[in-house]
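Encoded as structure tokens, the structure appears first; notes follow it.
In this text, all values refer to a predicted model and were calculated from it rather than measured experimentally. Residue numbers start from 1 in every chain, and the chains themselves are labelled A, B, ... in the order their sequence lines are given, proteins ahead of strands. Heavy atoms only: backbone and side chains are in, while hydrogens, waters and symmetry mates are out.
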Amino acid sequence: MSRPDRKSLLAEIAPELLDELNETHERSRELPALLGAENGVVMRFAPNPSGPLHLGHARASILNDYYVRRYGGRYVLRIEDTDPRRVDPGAYAMVQEDIEWLGLGITDIVYQSDRLDVYYDWCRKLIEIGGAYVCVCEAERFRELKLKGKACPCRDQTVEENLELWQRMLDGEFYEGDVTVRVKTDLAHPDPAMRDYSAMRIVNAPLHPRVDATVFPLMNFSVAVDDHLLGITHVIRGKDHIANTGRQRYIFDYFGWKQPVYYHYGRMGISGVVLSTSSMREGIKSGVYTGWDDIHLGTMRAIARRGIQPEAVRNAMIDIGIGETDITFSWENLYSRNKELVDPKANRYFFVPDPVEVDVEGAPRHEARAALHPNDPSRGVRTLVTAGRVLVPKADIEGREMVRLKDLYNIRIDWDTDAPHVSYAGDLLEDARRVKAPIIQWLPVEAKLPCILHRQEGDVEGFCEPLVAGEVDNVVQFERIGFARVDSVDGGRVSAYFAHR
RNA sequence: GCUGCUAUAGUGUAGACCGGCCAAUCAUGUAGGACUCUCACUCCUACGACAGGGGUUCGAAUCCCCUUAGCAGCACCA
């Protein structure tokens, strides 16, 4: 019974249950409330423009987005490009595109490279109130002292001395590595990570693509200053930032600012793909991957190419939530989220992988009509006409005596001869059912398009229905194979990417 | 090594703050079945977990301690 049929039948026998049937299965669960968010929130997504967005970014950005939507407020995109070494000029645009694809409700955009003067300004103020000093020690030497909880000589410089050194830093009198501005914290702090961390440093090379400067803030300084200046109320980020939250507190305390409310979710491991931008870049360079959208990668563009819908990513991330437990990202769960989105939409087509051509002896000319979507007859049918020469998947007839060509007729296969001998075995579906013959997809030899199905495990070549050429950019379902996104049609050759079953 | 966070089925998640209503929720997965001219969808059934050990208590998944394991930070990266 089809879905509409079931519905009308239910209306007859138990109309009171109809509501239950129509109930949209609201998949996304409710995440825990945010502390003090009742009157709206200001949150941020702060990627480093070193490459396109991947699943790790997706979690951060979607979780923050979820709460901004829930409580109302502003959602700031803050491009954290304060390390010229880690800026890929092309990434600014890629990040922008990926955000658009994800459908994030960004309300404000700021580039940290536009705000260097702001950081310089607050750095000077921090020095003036004795909250920071300019350190000329070697990094290694300082590290040793820090681990022992001892102060370096620079720590005792006067404010005036520090201000002068700071000015000389800005004037370009120092080179990279010679000098750094440190926030004065607590050398006796039990966690060595908290002790006198760096706030400003010099980078001479490479040149920053957006700004002419050599003095750059370190993340903990610029983030603290920006979070306050931009009025950020809540921050949701990975637990790798727990220590940074503690470090940033010193700056907030020095200036008498109120810290946002922080939530730190656990580490998300993703099986099967590399997530580090640098190793992805390396792989692309060395030819292991075809590009940022290589289907073996966990980038948004790679996932999109495979026909995963942004809403599926969103739902999967909200399912995961903001728990502090370390988790393994499950492709299965994402695929399931995608399937619930894509199944009602995807038209059905035949794709015959690894085909063999057979001549069905005694077959009458037949016109098969297969539904474009079994649960939605209003979409119509594909019509496949054959006089008896058809393509079938080799693997599906091997060792079989009888199979049914879906929506066409039954065929008998005789394996006694050298080449299998195929003959017409009647139209009746019941006959096939009775002997439990599999119902398989097929194609008329007269009407087929070469089709390559790209999968992570390797490409599969075969043929598909001509109508697939009209589905470029859409997700279709190849019957008995799975869902795939039709990527392109080039000279009558179809290229599709496998999503999932 | 130092500091900190976490531990519920194969995977994700609820319950934990305010112990009893939890022989533990939901989703996914797997297996079986119904429906179906797809191994899709839908529906039904089954499977499967409180890391281990102590303690507090009439009663612990929930509170305390220890152990174990995983993770993170200890950068002039973000």
Side-chain angles (χ1 to χ4, degrees), chain A residues 1-3 5-6 21 25 27 29-32 46-50 80-83 85-86 112 135 137-139 142-143 146-147 149 176-182 189-195 197-203 216 218-220 222-223 237-244 246-247 264 266-269 271 277-278 315-316 318-321 323-337 339-340 342-344 346 348-350 368 370-371 373-376 404-410 428-430 432-433 437-441 477-483 501:
Chain A
M1 203 185 297
S2 71
R3 195 136 199 266
D5 286 348
R6 279 203 295 264
L21 185 72
H25 289 223
R27 293 303 197 182
R29 66 196 186 88
E30 175 110 327
L31 258 27
N48 166 259
S50 57
E80 303 207 331
D81 55 349
T82 52
D83 181 3
R85 253 184 283 278
R86 291 192 36 168
Q112 289 193 315
C135 175
C137 297
E138 251 175 66
F142 180 85
R143 204 183 89 88
K146 175 186 72 179
L147 254 16
E176 193 167 327
D178 289 348
V179 66
T180 183
V181 177
R182 290 189 189 285
H189 197 290
D191 185 352
M194 289 303 141
R195 302 172 192 160
Y197 62 90
S198 277
M200 287 281 179
R201 51 73 196 267
I202 293 171
V203 181
F216 290 93
L218 273 318
M219 180 253 206
N220 281 303
S222 47
V223 163
R237 55 179 175 181
K239 74 176 189 182
D240 45 322
H241 287 293
I242 287 180
N244 292 324
R247 289 195 268 221
H264 297 103
R267 188 197 141 89
M268 182 170 78
S271 63
T277 304
S278 55
N315 291 340
I318 290 173
D319 280 347
I320 287 170
E324 296 173 67
T325 320
D326 299 328
I327 58 156
T328 314
F329 173 80
S330 163
W331 290 99
E332 264 177 5
N333 290 344
L334 173 63
Y335 292 158
S336 156
R337 288 316 198 188
K339 194 193 274 184
E340 75 191 10
V342 130
D343 183 80
R348 270 56 175 172
Y349 295 102
F350 290 154
H373 192 109
N375 298 340
D376 182 8
R404 179 173 177 79
L405 305 184
K406 186 169 182 281
D407 300 302
L408 191 67
Y409 46 57
N410 307 326
L428 268 46
L429 175 62
E430 294 69 39
R433 285 262 158 89
I439 298 168
I440 65 169
Q441 75 277 29
Q477 190 206 49
F478 288 137
E479 298 202 40
R480 306 206 315 132
I481 300 211
F483 295 90
R501 295 203 63 186

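- Each of A/S336 and A/I440 lies near RNA chain B, and the nucleotide nearest A/S336 is the one positioned closer to the 5' end.
- Separating the OH atom in A/Y349 from the CD1 atom in A/I481 is a distance of 15.5 Å, to the nearest 0.5 Å.
- The nearest whole Å value for the distance from the NE2 atom in A/H373 to the P atom in B/rU36 is 16 Å.
- Atom name P, nucleotides B/rA7 and B/rU45: the rounded distance is 32 Å, in whole Å.
- Residues passing the side chain to side chain contact (heavy atoms under 4.5 Å, CB included) test with A/N333, sequence neighbours excluded: A/S330.
- Looking at residues two or more places apart in sequence or on another chain, you find a side chain to side chain donor-acceptor pair (under 3.5 Å) between A/N244 and A/N220, A/H241, A/R247.
- Rounded to whole Å, the distance from CH2 on A/W331 to C1' on B/rG29 is 17 Å.
- Summarising the geometry, the separation between NZ on A/K339 and C1' on B/rA27 is reported as 14 Å, rounded to the nearest angstrom.
- Within 4.0 Å (heavy atoms only), A/F483 reaches sugar-phosphate atoms of the nucleic acid but no base atom.
- Between A/D376 atom CG and B/rA40 atom C1' the separation is 15 Å, expressed in whole Å.
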(request) Using the side chain to side chain contact (heavy atoms under 4.5 Å, CB included) rule, take A/D178 and A/E138 through it: C-alpha gap first, then chi angles, then the decisive distance, then the call. (result) CA-CA 7 Å; A/D178 289 348; A/E138 251 175 66; over 6 Å; no

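- Looking at heavy atoms from C-beta onward, A/M219 lies out of side-chain contact with A/D83 at the 4.5 angstrom threshold.
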(request) Sugar-phosphate atoms are those with a prime plus P, OP1 and OP2; base atoms are the rest. Using that split, label each nucleotide of nucleotides 73-78 of chain B B, S or - for protein heavy atoms under 4.0 Å, 5' to 3'. (result) BBSBBB

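- For A/K339, there are no side chain to side chain donor-acceptor pair (under 3.5 Å) partners two or more places apart in sequence or in a different chain.
- Taking 3.5 Å as the limit, the base of B/rA27 and the side chain of A/R337 contain no donor-acceptor pair of atoms between them.
- Rounded to whole Å, the distance from CD on A/Q441 to P on B/rC39 is 11 Å.
- The gap from the C1' atom of B/rC2 to that of B/rA9 amounts to 36 Å, rounded to the nearest Å.
- Across B/rA60 and B/rG54, the matching P atoms stand 13 Å from one another, rounded to whole Å.
- Atom C1' of nucleotide B/rG4 and atom NE2 of A/H189 are separated by 10 Å, given to the nearest angstrom.
- The structure places CZ of A/F216 at 8.5 Å from CG of A/D81, a figure rounded to the nearest 0.5 Å.
- Here A/R404 lies in heavy-atom contact (under 4.0 Å) with a base.
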Between the protein and nucleotides 64-67 of chain B, list every N/O to N/O distance that falls short of 3.5 Å.
none

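- With sequence neighbours left out, A/R86 forms a salt bridge (Lys or Arg N to Asp or Glu O under 4.0 Å) with no residue at all.
- Side-chain N/O atoms of A/S222 and A/T82 include no donor and acceptor closer than 3.5 Å.
- Listed by chain and residue number, A/F351 satisfy the ring pair (Phe, Tyr, Trp, His ring centres under 6.0 Å) test with A/F478 (two or more places apart in sequence, or in another chain).
- In this structure A/Y409 satisfies the ring pair (Phe, Tyr, Trp, His ring centres under 6.0 Å) test together with A/H366, A/Y424, sequence neighbours excluded.
- Comparing B/rU13 with B/rC26, their C1' atoms are spaced 7 Å from each other, to the whole Å.
- The side chain to side chain donor-acceptor pair (under 3.5 Å) check on A/R85 picks up A/E176, with sequence neighbours excluded.
- The gap from the P atom of B/rG10 to that of B/rA75 amounts to 39 Å, rounded to the nearest Å.
- A/R337 and A/N315 are not linked by any side-chain donor-acceptor pair at a separation below 3.5 angstrom, with hydrogens and angles left out of the test.
- Counting only heavy atoms from C-beta outward, the side chains of A/Y197 and A/L218 never approach each other to under 4.5 Å.
- For B/rC76 and B/rG15, the C1' atoms lie 46 Å apart once the distance is rounded to whole Å.
- In this structure, OG on A/S271 lies 9.5 Å from CD on A/E332, to the nearest 0.5 angstrom.
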(message) I need a per-nucleotide contact map over nucleotides 9-19 of chain B, read 5' to 3'. Cutoff is protein heavy atoms under 4.0 Å; write B for the base, S for backbone only, - otherwise.
(response) -BBSSS-----

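- Ionic pairing of A/K406 and A/E479 is present here: one or more N-O contacts between side-chain nitrogen and carboxylate oxygen are shorter than 4.0 angstrom.
- Taken together, the paired segments of RNA chain B that extend over three or more consecutive Watson-Crick or G-U pairs, each closer than 3.5 Å at both contacts, are B:1-7 with B:68-74, B:10-12 with B:26-28, B:29-34 with B:42-47, B:51-55 with B:63-67.
- The residue A/E324 sits close only to the backbone: its heavy atoms come under 4.0 Å of sugar-phosphate atoms, none of a base.
- Counting to the nearest Å, the P atom of B/rG4 and the CD1 atom of A/I242 are 12 Å from each other.
- Relative orientation of the A/W331 and A/Y335 rings is tilted, given thresholds of 30° and 60° on the angle between their planes.
- If you measure from atom CD1 of A/I481 to atom C1' of B/rU38, you get 10 Å, rounded to the nearest angstrom.
- With both ends at atom C1', the span from B/rA27 to B/rC47 equals 16 Å, rounded to whole Å.
- Nucleotides B/rG55 and B/rA14 are separated by 28 Å at their C1' atoms, to the nearest Å.
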What are the atom names and distances for every N/O pair under 3.5 Å that joins the protein to nucleotides 48-50 of chain B?
none

(request) Kindly determine whether A/Q477 and A/V342 satisfy side chain to side chain contact (heavy atoms under 4.5 Å, CB included), including the steps that lead there. (result) CA-CA 9 Å; A/Q477 190 206 49; A/V342 130; over 6 Å; no

